[in-house]
Structure formats: C-alpha cells, structure tokens
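See structure below.
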Amino acid sequence: MNISDGGRRRFEDNEHTLRIYPGTISEGTIYCPVPARKNSTAAEVIDSLINRLNLDKTKCYVLAEVKEFGGEEWILNPTDCPVQRMMLWPRMALENRSSGEDYRFLLREKNLDGSIHYGSLQSWLRVTEERRRMMERGFLPQPQQKDFDDLCSLPNLNEKTLLENLRNRFKHEKIYTYVGSILIVINPFKFLPIYNPKYVKMYDNHQLGKLEPHIYAVADVAYHAMLQRKKNQCIVISGESGSGKTQSTNFLIHHLTALSQKGFASGVEQIILGAGPVLEAFGNAKTAHNNNSSRFGKFIQVNYQETGTVLGAYVEKYLLEKSRLVYQEHNERNYHVFYYLLAGASEEERLAFHLKQPEEYHYLNQITKKPLRQSWDDYCYDSEPDCFTVEGEDLRHDFERLQLAMEMVGFLPKTRRQIFSLLSAILHLGNICYKKKTYRDDSIDICNPEVLPIVSALLEVKEEMLFESLVTRKTVTVGEKLILPYKLAEAVTVRNSMAKSLYSALFDWIVFRINHALLNSKDLEHNTKTLSIGVLDIFGFEDYENNSFEQFCINFANERLQHYFNQHIFKLEQEEYRTEGISWHNIDYIDNSCCINLISKKPTGLLHLLDEESNFPQATNQTLLDKFKHQHEENSYIEFPAVMEPAFIIKHYAGKVKYGVKNKEVVEKALKVVEKAPSDFSDILGILLMEF
C-alpha cells in the first residue's frame, strides 16, 4: 500500500492508492493497486478489484486488514471505508518502510455459510488434529520434553525451576505458559506470526491445556463457558508497564468478537479499534521504561445474546494517573495528546488556541531545561536527546491520525475544537504563578495576570470569577459565608488540582462518548437476556522510587486481586476437597486479609482516616501521619521511617513499599466559576465539573 500524497497532506478529499493482496484468488498477482477516496467503501473497492483482476463475479469477496501485532485478519464490512482504516496506521506503514510491511489489505473469498475461505487451512487443521490424536494413542513418538507448557507439571516446583522453564520456552519463541487456568505471557517485543486465521480456527472449542498455551485458548474457554453455563465471565490482565497488557487486550477482544461473527468484524469491534488511538492519545505517555505506556486501567465488557451473537460493549476506565499531568519524573513525558496538538495544529488553530512551544509550558518542561526552538521542525534534526520527542515518532502524523479516529468514533469538528481548547487552557493554567502581597502576610496575588484572559477565553468563563477561584476559598459557617485567601503553597496545590480534575473529567467524558457509540439502541429495545465477558486491563503491583497516592491505590487494587486469587485457588478449593473426603495435603499460603483491613476496613482503615482528615481545614501532612501512627502503631503491616520523613511503609503481599505524604490536595469547589458557561460548551464543562 502507498499513498499518493506521502501520508503528510490532509486526507479530506485526496485520492489514495490502496494495495490489495489477492493471494491464491488471483495467481501471479502480488498486489493490485486500487485508487480510492476517504469515503470509498469496501464494497466499491472490491467491485473495482473484480473488474481489474477478471474474478468470478458469482462468488462473494471481502477485504481483510492485517495489523502489525501478529497477523490477525480484521474482516471489513461492505460499508467500511478502507482509506479511513488505513489512515489509522503508523507513519512507517504509510510510508512503505520495511518495519511496516505487516500492515496491508487482503482479498478473501466468503463461503456460503458466511465464514471465510482460507484455502488449505481446513486440511492443515485436519492433519494437525490427526497428528495430535495419534501421539496421544502412542502411534507416533512424543516430542522430546525440553520444557513444560504448564508450570503445575514441573517435577520440582521452586523459583529456580520455574524461571528456567519460562526462559527455555521464551528462547524457542513460546511466549505463553499455563499455571493451571492462569496464562503467563512474556512480551517478545517483536512480531510473531501466531495470531493468524490458522490459530483462530485451531483453538475453536478446545479444552484448556489440550493444545499449546495461547491467549486465544483463554478467550475460547471463556466464550464457550458463558454459552454453556449461561453465566457471565471475566478475564483479568495484570502486569508491569511494558509487559504487553494492551496488546493482550486487543487480541482477546478481537477473538471474542470474531467467535460470534464467523470471521466478520462486528460494528462493536470496529468502534473499539477506532477508539484505540483516541484512548491512547489521552491516556498513554512516555515513561522511563516504555515509550507508549497506558497510564490508566480499563474494563471492556462485551455483551452477547444467549445465542452467542455480539450485542454491544461497554468501556470503563480506572485509576487515571492524574499526577502525571502536573509533574513527570526524569526522562518521562506528559500525555501524548499535548505533544500531538502542539506539533500538528495548523496556523489558524495555533492562533485560536494560543498555542506555544512545549518548552514554554510548566506542565511539559519541569525537568529538561534547554534553549527555545523556533518551530517543531527544529526538533526533528536535534541530535541532543530530550523528552519532547521519541525516536521514530511523527507527531504531525499522529495528530492527523487522532483527528480521524475521533471523527470515526463520532466527535464532530466543533466538539474536537472544544476539546483542544480545553487542553490548551490546562497548559496555560499550569503557567500561572503566585506571589505574596507585600502589605499582607496571608494574602497572595498572581505574578503573571496576562495568562488569566487566555485561560478564561479558552474555557469561556468570566475572568473575575476565575481569578477568585484561584486565590480565595469560601467557607460557610453558622449564618455567614467567609472568603479567605489561600496561602502560597495551597494556591499552587489548588491550581494543580483544578488542572487534574479538568483533565480527568475530560477523559471520563471521552469514554462516555465512546460508550455512546458502542451502544446498540436497536438491540436494547428488545427485552432479551444478555450475557457478557469482561476484560480487565489494569496496572500490576509496582514499587517506584517515589510512590504517590495513585500508586497506593494501584497496589491496593492488586492486593485485592491477590486476595481473590488466594480465596479461589487455595482456600475454597481445599475446603471443597475436604468436603468431598479427598485425601489432600494442605497447602500453606499467605493470607493478606490483614493488609486489606489495614487499608480499607472501617472505621480505622487508612483510606477512611485520610477521608476524615481531609475534612479538617487545618489538617496537614504531619497530622495525617500522626493519625496513622496513633491508630496502627502496633500493626505489623505498617511501619514508619526512623528519621523525620513524611512517609509510611506498607507490607504488601509482594513486598514492602514506601509511600510519600506530600502536597496534600485541597479539593475546593473552585470551578463553580464555569457554571455560567455558554450553552454550546456546557455539554463538556458539565461533565468536567462533576469532581468539584
């Protein structure tokens, strides 16, 4: 595939050239170039192909899109637009570079029953299945056992043998390994052709453990268990940053929808895939370990009819890393969307949104201090490394890709402008600085008042009300209302809290709009019973040099997951064995109930004490720590540093983690200033105010 404009010009009315690979349908043809526009449908492209290649018009054909991450085939519906799908590909794929060769369109033939014809696939599957059965019966020699595909089968189970087995399998590109019904995945960081239609068919309706471990096997077991038991299912994906959680989620969603569609991508799947670049832009960021790390957890629920046909889906986000918006560690960046906007906005947009260079924003330039560049072109040829760019990244193309993805999900041009205006307002909000007034000790003022008109114009709120919300707070007592000035440190915290709440609520609203697009209102009109499979993609347990409240919440979520695992794998299973009179040697395991109670049990759990302390106007970091120490000094699951350090240590199931207590956020109802916003902007700002 290549594009007539080189992938750089706007895609509105340009004519593009699609490369379609017909395979065995047209022997001797590697690919067929087909001109198409943005709104050309797959049906129109196929008609052109039939005429160009002189194909049998009595047969039915479909287009399949192949992605880079493993060779899955996404079958396009007749009304889908291939050019729009193509514009969501990475820049390297659009420019025909070798690293993007896996992105392409294939021509496939459809069978009478609606399934896709894959040539010799069925015979290959029959031979593979027959060979497996003959080995089971002893007619063929068993392959030499060099590793175990289920760690439960290890003769000696300890840390050394477990890791050696995983390492040996990984050397042979076996990235999947079972632990009973649990699947361990090791990210290969390269293309492996183990996700094509051969594997989709191979794992269809097979018992877990019968074939080589694979993520398709987990999806297949969940799907058929849902249909047979008429009960909802859930798959939990957890791991550290860079372990491949998002890719694994994509594989699962593709397989779960394909199982009910006989190879066709449903409208649900198309929207989920189209929403991917949008969620990635607003929810992903460069970290020290991963250039495209998801900084939020998500739960995707795929709904089915009792017959197994997809009805719709629902997306919910968890634990968005709001602190990243106002502060980033060394060699890390803010969320992608800010860099996309600053690099890809047109001159008209730059003027309308008052955009600057990234180095001029406090929220983007807290670690790296370098001379200002005149334009984004200067970044492309700067040999000195910085955190504003990533090797191989084309921010202008990524901005166009984001614009198209937002359009596909249903964001109108006017709405997109409002979102970009809000993003610019957040960046300018971070540039507001404070100073103490000389004639009053407790009163503060804004050092750079010229920023206020810009923020108020971008948010479409009154400048006076914005100023008041940034420097004063309102306290209601019996019979009167007091307006008190913030102290200097409090004002900075409130400014950052305002920015974080704006961005968090914007992200919630974007997810809400995606769910609206996923909503199948036609199916909801019928009172039919529905079943579902949920896929939870969430951060794993981690311990950083500086652990904030958000990391505390993430590790607590994993603590609960570990408790659930203990309950179902150890406690309940062993109780069932005892009930049935089975001779069984009890397995000792670590019960982390005490750690969970320390954090969440009422009324003295840490979260409840934090909530209680936040309601006191004079509360400080030290008063919070004193309360923790007073209530839990004798608890073996919490420790306090010997030196005078604003921190505490929790003994989690995976080890001790130190959490810092600093910048206690004062969440004020400061943004009541925007309640009188114009009606055409209120649909966004109404959601944004929910946290205030």
Side-chain angles (χ1 to χ4, degrees), residues 219 222 226 231-239 241 245-257 266-285 293-304 310-322 324-325 335 337 405-406 408-411 419 500-521 523-524 530-540 549-551 553-561 564 600 607 683-684 686-691:
M226 175 192 70
K231 288 186 176 180
N232 299 336
Q233 307 291 310
C234 184
I235 302 170
V236 178
I237 302 175
S238 183
S241 178
K245 299 186 296 296
T246 302
Q247 295 285 49
S248 296
T249 301
N250 291 339
F251 292 143
L252 284 169
I253 296 301
H254 167 64
H255 198 65
L256 288 173
T257 52
S266 67
V268 171
E269 182 185 30
Q270 296 284 8
I271 295 172
I272 291 175
L273 295 176
V278 180
L279 294 176
E280 181 181 296
F282 286 87
N284 288 25
S293 175
S294 296
R295 307 316 300 162
F296 68 102
K298 61 178 176 288
F299 177 74
I300 302 176
Q301 179 178 298
V302 183
N303 299 319
Y304 298 86
V310 172
L311 268 179
Y314 173 78
V315 180
E316 187 169 342
K317 67 92 177 171
Y318 296 95
L319 300 172
L320 177 69
E321 189 184 24
K322 292 185 285 185
R324 176 169 297 273
L325 186 73
Y335 288 103
V337 67
M406 294 177 77
M408 291 176 64
V409 177
F411 291 94
I419 291 173
K500 288 191 286 187
S501 294
L502 279 168
Y503 192 80
S504 176
L506 171 64
F507 194 80
D508 286 341
W509 182 78
I510 288 171
V511 173
F512 171 79
R513 288 294 300 269
I514 290 172
N515 283 328
H516 182 73
L518 288 168
L519 185 67
N520 195 330
S521 57
D523 291 317
L524 290 177
T530 61
L531 299 169
S532 68
I533 298 177
V535 179
L536 177 62
D537 169 6
I538 195 167
F539 304 102
F549 176 72
E550 288 165 339
Q551 191 59 48
C553 292
I554 290 167
N555 288 348
F556 176 58
N558 280 275
E559 196 80 51
R560 295 298 299 262
L561 287 174
Y564 181 86
S600 62
L607 290 175
D683 60 334
I684 291 180
I687 301 295
L688 300 182
L689 291 173
M690 288 175 63
E691 296 193 25

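Numbers here are sequence positions counted from 1.
One N or O on the side chain of R513 and one on the backbone of G410 form a donor-acceptor pair closer than 3.5 Å. Put simply, the side chain of K231 never gets that close to the backbone of M226: no donor and acceptor are under 3.5 Å apart. Although no hydrogens or angles enter the test, the distance criterion places no donor-acceptor pair under 3.5 Å between the side chain of D537 and the main chain of T249. In terms of modelled atom types and a separation under 3.5 Å, the side chain of N303 and the main chain of V310 share no donor-acceptor contact.
Remark: the S293 side chain and the N284 side chain contain no N/O donor-acceptor pair separated by less than 3.5 Å.
One finds the OG atom of S501 at 10.0 Å from the CG atom of L325 (value rounded to the nearest 0.5 Å). The CG atom of L252 lies 11.5 Å from the CD atom of Q247; values are rounded to the nearest 0.5 Å. Taking CG of L319 as the reference point, atom NZ of K298 lies at 13.0 Å (rounded to 0.5 Å). From F507, atom CZ reaches atom CZ of F512 across 15.5 Å, with rounding to the nearest 0.5 Å. F556 CZ to C553 SG: the interatomic distance, rounded to the nearest 0.5 Å, is 8.5 Å. In this structure, the separation between SG on C234 and CD1 on I533 is 10.0 Å, given to the nearest 0.5 Å.
Minimum heavy-atom separation, A219 to L256: O-CD2, 3.6 Å. Here the closest heavy-atom approach between residue K322 and residue K500 is recorded as O-CD, 3.2 Å. Nearest approach of Q233 to A222, heavy atoms of both residues: CG-O, 3.3 Å. Listed here is the closest heavy atom pair of A405 and P277: CB-CB, 3.8 Å. Considering all non-hydrogen atoms of both residues, K245 and S238 come closest at CD-C, 3.8 Å. Across every non-hydrogen atom of S294 and T246, the tightest pair is OG-OG1, 3.1 Å.
Side-chain atoms of V236 and Y564, non-hydrogen and from C-beta on, never get closer than 4.5 Å to each other. Side-chain contact between S504 and K317 is present, with heavy atoms from C-beta onward closer than 4.5 Å. The shortest distance between side-chain heavy atoms of Y314 and V302 does not fall below 4.5 Å. Here the side chains of L311 and Y304 are not in contact, with every heavy-atom distance at 4.5 Å or above. Counting only heavy atoms from C-beta outward, the side chains of L279 and I514 approach each other to under 4.5 Å. For the pair L506 and I419, the minimum side-chain heavy-atom distance is below 4.5 Å. Residues I235 and L536 fail the side-chain proximity criterion, which asks for heavy atoms closer than 4.5 Å.
In this pair, Y335 and Y503 present their aromatic rings parallel. The plane angle is below 30°, not in the 30 to 60° band.
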Q: Apply the test side chain to side chain donor-acceptor pair (under 3.5 Å) to residues N555 and Q551: give CA-CA distance (whole Å), side-chain angles for both, the deciding distance (0.1 Å), then the verdict.
A: CA-CA 6 Å; N555 288 348; Q551 191 59 48; 3.0 Å; yes

| task | Give the intermediate values and the outcome of ring-ring contact (aromatic ring centres under 6.0 Å, His included) for residues F539 and F296. | result | CA-CA 8 Å; F539 304 102; F296 68 102; 7.9 Å; no

Dump the intermediate steps for side-chain contact (heavy atoms from CB on, under 4.5 Å) on I538 and I237, then the final yes or no.
CA-CA 6 Å; I538 195 167; I237 302 175; over 6 Å; no

